[in-house]
Amino acid sequence: MKFSDLIIKKRDGQELTADEIKYMVQGYTNGVIPDYQMAAMAMAIYFQGMTNSETVELTNTMAQSGKILKLDSIKGVKVDKHSTGGVGDKVTLVLIPLMAVMGYRVAKMSGRGLGHTGGTIDKLESIPGYRGELSFKELLAQVEKVGAAIVAQTEDLTPADKKLYSLRDTTGTVESIPLIASSIMSKKIAAGAERLVLDVKVGRGAFMKELEMAKNLARTMVQIGNGTGLKTSAILSNMDEPLGHTVGNSLEVQEAIDTLKGQGPLDLRELVIELAIALIACDYPKHSREHLQKKVAAIIDSGQALGKFQEIVNAQGGKIPDNFQLAIPYSVVAQNEGFVQEVDALKIGKAVMHLGAGRRKIEDNILHDVGIYLHKKTNDPVEKDEPLATIYARNKKDFADVRFLVDKAYRISSEPLASKTLIYESIIPRDE
Ligand code: URA
């Protein structure tokens, strides 16, 4: 097979066969196909797209390029979740213990994350002693005993995706639905669960800015998952404003704990419940949505999921402090009265990044004690000089640097928004 022929074939809009896709993925991973040829292929895919069977084949071959976690020895239904990433997204910290209380098993691999705020593991490392790196044996033992573990993604999963993603990042070929979908789903297939829910975020603070493109991505991933035997559903959720009231590592862990106590923000609670329903709905085919909503909410309110979170943290060496240590609080107040029309998630994300909560390069250290507490969110009424947000910064200069961004993130007007949508769509395939 000559790879240049395959580039031409794709450039001209023809479908690649399963063997050709295998040849491409294996050849690129082991260095036989050079970057310049793979870059041309990625650009051809960007313009021509891929058929469903091409996308499924690409996903499967990338998943098989490294280790595939074998969770078969764990009894019970193994579930997983993935978020396409947003600002203030602490859903995993609430959803995973909740699923474990309901009897599901979760070996959750999470990112340390580049971007505005830390990934889930960075957030958890706000808890003194928390160990995000477990050996595979330790991971299995903890899931067996406690029901769940939340660990950093191991290096040996999907090397093909790692190499292709870095190439796409530098060749203008990230924004291709089949390439994004196969990249995300190959990692999820390799993580070994039987069921998956995807939280596809849409809006200013999300990777996907447009609802139609996000829907297309969600549907493609649901199709790939179900086509490869991973029972997959997806929720499309709003990321125009941050989720909950907090952005920043320690602040977000505290808010997740509050939510597990039944005292957290309503948007976070609603989204967690929606994602949980997507994972359990097929086990309760005769029950209505409302029934499942009540069932999941009752478990949160019982405090059992909070207990499970503490168990998970303790099993991984952490001890939840009574109070998280935070940096110096500085207030940002409203310059006029009215209703909050917008809290721009991207601007808040950038501000928190500047404070040191996120990392630009993989080797950067992150700060756990900095962040922003949003007192006001979209549609809240506000008086002149009332606090909009508290910025937790290490010093006055950092505060002064980000203050204008936080000010600009808020848009206040005399009228509230006509409506505010958190969940755009749930894609939950029914069993045939
Ligand atoms: N996230 C991924 O894991 N892969 C992509 O291609 C885009 C976002």
Side-chain angles (χ1 to χ4, degrees), residues 21 24-25 28-29 35 38-39 41-47 49-50 54-63 65-66 68-69 80-87 89 91-92 108-122 152-191 193 196-210 213-225 228 230 232 234-237 239 346 349 358-360 362:
I21 290 174
M24 169 176 89
V25 174
Y28 185 56
T29 313
D35 278 350
M38 195 61 210
M41 176 59 98
M43 192 56 88
I45 294 172
Y46 177 93
F47 281 112
M50 282 184 132
E54 281 179 310
T55 314
V56 167
E57 193 58 44
L58 176 61
T59 309
N60 259 330
T61 318
M62 290 208 293
S65 69
I68 303 234
L69 297 192
D80 195 0
K81 72 82 74 160
H82 176 81
S83 160
T84 56
V87 179
D89 182 1
V91 163
T92 294
K108 178 79 181 93
M109 298 258 166
S110 282
R112 250 171 223 293
L114 290 173
H116 301 127
T117 54
T120 296
I121 296 298
D122 299 310
Q153 191 154 314
T154 55
E155 281 300 303
D156 41 5
L157 299 190
T158 59
D161 172 61
K162 258 182 216 102
K163 196 167 175 199
L164 181 56
Y165 189 72
S166 334
L167 181 79
R168 288 167 52 213
D169 213 13
T170 53
T171 55
T173 50
V174 167
E175 292 86 358
S176 147
I177 296 287
L179 291 179
I180 300 170
S182 55
S183 164
I184 292 174
M185 293 304 290
S186 63
K187 289 182 280 247
K188 291 287 122 186
I189 291 169
L196 168 70
V197 65
L198 299 158
D199 181 7
V200 179
K201 304 220 175 265
V202 195
R204 285 185 209 100
F207 181 57
M208 295 273 126
K209 311 282 181 210
E210 303 292 331
M213 189 154 173
K215 277 187 186 174
N216 193 353
L217 175 65
R219 289 193 187 120
T220 306
M221 292 194 289
V222 166
Q223 243 168 22
I224 295 175
T228 57
L230 172 58
T232 305
I235 304 292
L236 285 133
S237 68
M239 189 25 76
L346 185 58
R359 51 167 90 69
R360 290 188 172 83
I362 202 75

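All ligand and atom numbering here is 1-based and tracks the order in the structure.
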(message) Out of all atoms in ligand 1, which are within 4.0 Å of some heavy atom of Tyr165? Include the element for each.
(response) 4 (N), 5 (C), 6 (O), 7 (C)
(message) As an exercise, identify every atom of ligand 1 less than 4.0 angstrom from a heavy atom of Ser183.
(response) 2 (C), 3 (O), 4 (N), 5 (C), 6 (O)
(request) Please round to the nearest 0.5 Å and tell me the distance separating atom NZ of Lys209 and atom CG of Leu346. (result) 5.5 Å
(message) For a 4.5 angstrom cut-off between non-hydrogen side-chain atoms, does Leu179 reach Leu58?
(response) yes
(message) So Met62 and Leu164, do their side chains get closer than 4.5 Å, heavy atoms only?
(response) yes
(message) Applying side-chain hydrogen bond (donor to acceptor under 3.5 Å, both in side chains) to Lys187 and Ser183, what does each step give before you reach the verdict?
(response) CA-CA 7 Å; Lys187 289 182 280 247; Ser183 164; 3.3 Å; yes
(request) Looking only at protein heavy atoms, identify the closest one to atom 3 (O) of ligand 1 and say how far it is in Å. (result) Lys187 NZ, 2.6 Å
(message) Check contact between Ile184 and ligand 1, using heavy atoms of the residue and a distance below 4.0 angstrom.
(response) yes
